[in-house]
Amino acid sequence: IIIVPQTPAPPVIIGDTALCVGDALSLSVLVQPGVMYTWTTPQGTVSGAVVSIGAVVASDIGTYVCTASVGGCAGSQASVELELEAGPDAPTITGDTVLCIGDPLSLSVEAIAGISYTWTTPTGEQEGPVVELTGALASDAGTYVCLASAGACAGQESEVQVTVQA
(Lines give C-alpha, C1' and ligand atoms only; values in the text may rest on other atoms or scores of the structure.)
Protein backbone atom coordinates (compact mmCIF):
# COMPACT_ATOMS: atom_id res chain seq x y z
CA ILE A 1 0.00 0.00 0.00
CA ILE A 2 1.32 3.42 -0.95
CA ILE A 3 0.10 6.30 1.18
CA VAL A 4 0.13 9.64 -0.56
CA PRO A 5 -0.02 12.58 1.83
CA GLN A 6 -2.96 14.88 1.30
CA THR A 7 -2.07 18.24 -0.24
CA PRO A 8 -2.73 20.94 2.36
CA ALA A 9 -5.02 23.85 1.65
CA PRO A 10 -3.25 27.04 0.56
CA PRO A 11 -1.96 28.99 3.58
CA VAL A 12 -3.94 32.06 4.62
CA ILE A 13 -1.42 34.80 5.44
CA ILE A 14 -2.35 37.30 8.14
CA GLY A 15 -0.45 40.51 8.89
CA ASP A 16 0.08 44.10 7.85
CA THR A 17 2.21 44.45 4.71
CA ALA A 18 2.22 48.25 4.37
CA LEU A 19 4.66 49.41 7.02
CA CYS A 20 6.94 52.30 7.83
CA VAL A 21 10.70 51.90 8.14
CA GLY A 22 11.37 50.75 11.72
CA ASP A 23 7.95 49.13 12.25
CA ALA A 24 7.71 45.52 13.40
CA LEU A 25 6.64 42.94 10.83
CA SER A 26 4.67 39.88 11.87
CA LEU A 27 3.18 37.57 9.26
CA SER A 28 1.47 34.35 10.24
CA VAL A 29 -0.71 31.63 8.77
CA LEU A 30 -3.75 29.84 10.12
CA VAL A 31 -2.23 26.55 11.25
CA GLN A 32 -3.60 23.33 9.78
CA PRO A 33 -3.03 20.10 11.78
CA GLY A 34 -0.06 18.09 10.52
CA VAL A 35 1.10 20.80 8.14
CA MET A 36 4.60 22.30 8.19
CA TYR A 37 5.25 25.83 6.92
CA THR A 38 8.32 27.31 5.24
CA TRP A 39 8.67 30.96 4.35
CA THR A 40 10.89 32.29 1.57
CA THR A 41 11.69 35.94 2.30
CA PRO A 42 14.05 38.56 0.87
CA GLN A 43 16.37 37.71 3.78
CA GLY A 44 16.28 33.92 3.42
CA THR A 45 14.21 30.95 4.59
CA VAL A 46 12.23 30.72 7.82
CA SER A 47 10.49 27.60 9.17
CA GLY A 48 7.27 27.80 11.14
CA ALA A 49 3.86 29.43 11.01
CA VAL A 50 5.21 32.92 11.83
CA VAL A 51 7.83 35.18 10.31
CA SER A 52 8.70 38.33 12.21
CA ILE A 53 11.17 41.20 12.01
CA GLY A 54 11.69 43.60 14.92
CA ALA A 55 12.31 46.69 12.79
CA VAL A 56 11.93 46.54 9.01
CA VAL A 57 14.46 48.20 6.71
CA ALA A 58 14.58 48.73 2.95
CA SER A 59 16.25 45.35 2.32
CA ASP A 60 13.14 43.63 3.78
CA ILE A 61 10.98 44.87 0.88
CA GLY A 62 9.81 42.11 -1.42
CA THR A 63 7.75 38.97 -1.70
CA TYR A 64 7.10 36.68 1.27
CA VAL A 65 6.06 33.20 0.11
CA CYS A 66 4.66 30.62 2.53
CA THR A 67 4.72 26.99 1.42
CA ALA A 68 2.59 24.41 3.23
CA SER A 69 3.89 20.83 3.20
CA VAL A 70 2.84 17.46 4.60
CA GLY A 71 5.20 14.55 5.12
CA GLY A 72 8.07 16.40 3.48
CA CYS A 73 6.10 16.96 0.27
CA ALA A 74 5.65 20.60 -0.68
CA GLY A 75 2.07 21.58 -1.27
CA SER A 76 0.34 24.83 -1.97
CA GLN A 77 1.73 28.33 -1.56
CA ALA A 78 0.51 31.81 -0.78
CA SER A 79 2.42 35.06 -1.00
CA VAL A 80 2.26 38.71 0.02
CA GLU A 81 4.30 41.71 -1.02
CA LEU A 82 5.87 43.87 1.71
CA GLU A 83 5.81 47.57 0.94
CA LEU A 84 7.51 50.26 2.98
CA GLU A 85 5.80 53.59 3.13
CA ALA A 86 8.21 56.48 3.18
CA GLY A 87 7.74 59.36 5.54
CA PRO A 88 7.78 62.86 4.11
CA ASP A 89 10.94 64.81 3.36
CA ALA A 90 12.31 67.28 5.89
CA PRO A 91 10.25 70.48 5.84
CA THR A 92 11.91 73.82 5.13
CA ILE A 93 11.49 76.19 8.09
CA THR A 94 11.10 79.88 7.30
CA GLY A 95 10.90 82.92 9.58
CA ASP A 96 13.09 85.28 11.58
CA THR A 97 15.41 83.50 13.99
CA VAL A 98 17.12 86.52 15.58
CA LEU A 99 14.67 88.49 17.71
CA CYS A 100 14.58 91.01 20.51
CA ILE A 101 12.53 90.48 23.65
CA GLY A 102 8.92 91.41 22.83
CA ASP A 103 9.24 90.83 19.05
CA PRO A 104 6.71 88.49 17.46
CA LEU A 105 8.00 85.01 16.63
CA SER A 106 6.64 83.25 13.57
CA LEU A 107 8.21 80.09 12.16
CA SER A 108 6.46 78.08 9.47
CA VAL A 109 6.74 75.25 6.99
CA GLU A 110 4.80 74.81 3.76
CA ALA A 111 1.53 73.06 4.61
CA ILE A 112 1.07 70.00 2.38
CA ALA A 113 -2.22 68.06 2.32
CA GLY A 114 -1.98 64.74 4.18
CA ILE A 115 1.11 65.80 6.15
CA SER A 116 0.99 66.66 9.85
CA TYR A 117 3.65 68.71 11.63
CA THR A 118 4.86 68.46 15.21
CA TRP A 119 7.11 71.18 16.60
CA THR A 120 9.36 70.70 19.58
CA THR A 121 10.21 74.09 21.06
CA PRO A 122 12.04 75.28 24.16
CA THR A 123 8.63 75.68 25.84
CA GLY A 124 6.94 72.44 24.71
CA GLU A 125 5.32 70.74 21.73
CA GLN A 126 2.91 72.26 19.22
CA GLU A 127 0.99 70.82 16.27
CA GLY A 128 0.53 72.44 12.87
CA PRO A 129 2.61 74.10 10.16
CA VAL A 130 3.13 77.37 12.11
CA VAL A 131 4.58 78.33 15.50
CA GLU A 132 3.67 81.87 16.57
CA LEU A 133 4.26 83.98 19.67
CA THR A 134 3.06 87.57 20.04
CA GLY A 135 6.01 88.61 22.19
CA ALA A 136 9.22 86.59 22.47
CA LEU A 137 10.77 86.08 25.90
CA ALA A 138 14.30 84.98 26.80
CA SER A 139 12.86 81.53 27.59
CA ASP A 140 11.72 81.22 23.94
CA ALA A 141 15.33 81.14 22.72
CA GLY A 142 16.68 77.75 21.66
CA THR A 143 16.17 74.98 19.16
CA TYR A 144 12.90 74.63 17.24
CA VAL A 145 12.45 71.24 15.55
CA CYS A 146 9.69 70.44 13.06
CA LEU A 147 8.87 66.79 12.31
CA ALA A 148 6.70 66.01 9.29
CA SER A 149 4.56 62.84 9.39
CA ALA A 150 2.26 61.12 6.90
CA GLY A 151 -0.18 58.79 8.58
CA ALA A 152 1.77 56.49 10.86
CA CYS A 153 5.09 57.20 9.12
CA ALA A 154 7.32 59.83 10.66
CA GLY A 155 9.49 61.56 8.12
CA GLN A 156 12.52 63.69 8.50
CA GLU A 157 12.87 66.71 10.71
CA SER A 158 14.34 70.17 10.32
CA GLU A 159 15.57 72.50 13.01
CA VAL A 160 16.49 76.12 13.48
CA GLN A 161 18.14 77.96 16.33
CA VAL A 162 16.22 80.99 17.64
CA THR A 163 18.09 83.76 19.46
CA VAL A 164 16.22 86.26 21.65
CA GLN A 165 18.34 89.31 22.45
CA ALA A 166 17.71 91.54 25.43
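Quantities reported herein were computed from a predicted structural model and do not represent experimental measurements.
Distance check, rounded to the nearest 0.5 Å: CD of Glu83 to CG of Asp16 gives 10.0 Å. Rounded to the nearest 0.5 Å, atoms SG (Cys73) and CE (Met36) are 13.0 Å apart. In this structure, CG in Asp140 is found 9.5 Å from CD1 in Ile101, a value given to the nearest 0.5 Å. To the nearest 0.5 Å, atoms CG (Leu84) and SG (Cys153) are separated by 8.5 Å. Once rounded to the nearest 0.5 Å, the distance linking CG of Leu105 with CD of Glu132 reads 8.5 Å. Atom CD of Gln77 is separated from atom OG1 of Thr38 by 10.0 Å, given to the nearest 0.5 angstrom.
Among all heavy-atom pairs drawn from Pro42 and Thr63, the shortest one is CD-O, 3.6 Å. Listed here is the closest heavy atom pair of Ala150 and Pro88: N-CD, 3.7 Å. Here the shortest heavy-atom pairing between Val31 and Ala49 reads CG2-CB, 3.7 Å. The two residues Ser106 and Val130 have their closest heavy-atom pair at OG-CG1, 4.3 Å. Closest approach of Glu85 to Ala18, counting heavy atoms only: OE2-CB, 3.3 Å. Taking every heavy atom of both residues into account, Cys100 and Val164 meet most closely at C-CG1, 4.1 Å.
Using a 4.5 Å cut-off between side-chain heavy atoms of Ile, Leu, Val, Met, Phe, Trp and Tyr, with links allowed through other members, Ile53 and Leu27 fall into the same hydrophobic cluster. Note on Val109 and Leu133: same hydrophobic cluster, where clusters join Ile, Leu, Val, Met, Phe, Trp and Tyr whose side-chain heavy atoms are under 4.5 Å apart, directly or indirectly. The hydrophobic cluster containing Tyr37 does not contain Val65, counting ILVMFWY residues as joined when their side-chain heavy atoms lie under 4.5 angstrom apart, directly or transitively. In the hydrophobic clustering of this structure, Val80 groups with Leu19; members are Ile, Leu, Val, Met, Phe, Trp, Tyr whose side-chain heavy atoms approach within less than 4.5 Å, directly or through other members. Both Ile61 and Tyr64 belong to a common hydrophobic cluster when Ile, Leu, Val, Met, Phe, Trp and Tyr are linked at side-chain heavy-atom distances under 4.5 angstrom.
Looking only at side-chain heavy atoms (C-beta outward), Gln43 and Asp60 come within less than 4.5 Å of each other. No side-chain heavy atom of Ser69 sits less than 4.5 Å from a side-chain heavy atom of Pro8.
Around atom CG of Asp96, no more than 12 heavy atoms belonging to other residues, nucleotides or ligands sit under 6.0 Å away.
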Query raised in the report: Is there a side-chain contact (heavy atoms from CB on, under 4.5 Å) between Ile93 and Tyr144 once you walk through the steps?
Result: CA-CA 9 Å; Ile93 300 172; Tyr144 286 70; 5.7 Å; no
Report task. Starting from the C-alpha separation in whole Å, work towards a yes-or-no answer on side-chain contact (heavy atoms from CB on, under 4.5 Å) for Leu30 and Ile14. Result -> CA-CA 8 Å; Leu30 299 173; Ile14 301 167; 3.4 Å; yes
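Every residue two or more places apart in sequence or in another chain that forms a side-chain contact (heavy atoms from CB on, under 4.5 Å) with Ala90 is listed here: Gln156, Ser158. Every residue meeting the side-chain contact (heavy atoms from CB on, under 4.5 Å) condition with Val98, not counting sequence neighbours, appears here in chain and number order: Gln165.
Between the Ser149 side chain and the Gly87 main chain, no donor and acceptor come within less than 3.5 Å of each other.
Ser108 and Thr94 form a side-chain donor-acceptor contact under 3.5 Å, judged by distance and modelled atom types alone.
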Solution key, residues 112-124 side-chain donor-acceptor pairs under 3.5 Å, sequence neighbours excluded:
unit_1 : atom_1 : unit_2 : atom_2 : d
Tyr117 : OH     : Glu110 : O      : 2.9
Tyr117 : OH     : Ile112 : N      : 3.2
Thr118 : OG1    : Glu127 : OE1    : 3.1
Thr118 : OG1    : Glu127 : OE2    : 3.3
Trp119 : NE1    : Gly128 : O      : 2.8
Thr121 : OG1    : Thr123 : N      : 3.2
Thr121 : OG1    : Thr123 : OG1    : 3.3
Thr121 : OG1    : Gly124 : N      : 3.2
Thr121 : OG1    : Gly124 : O      : 2.8

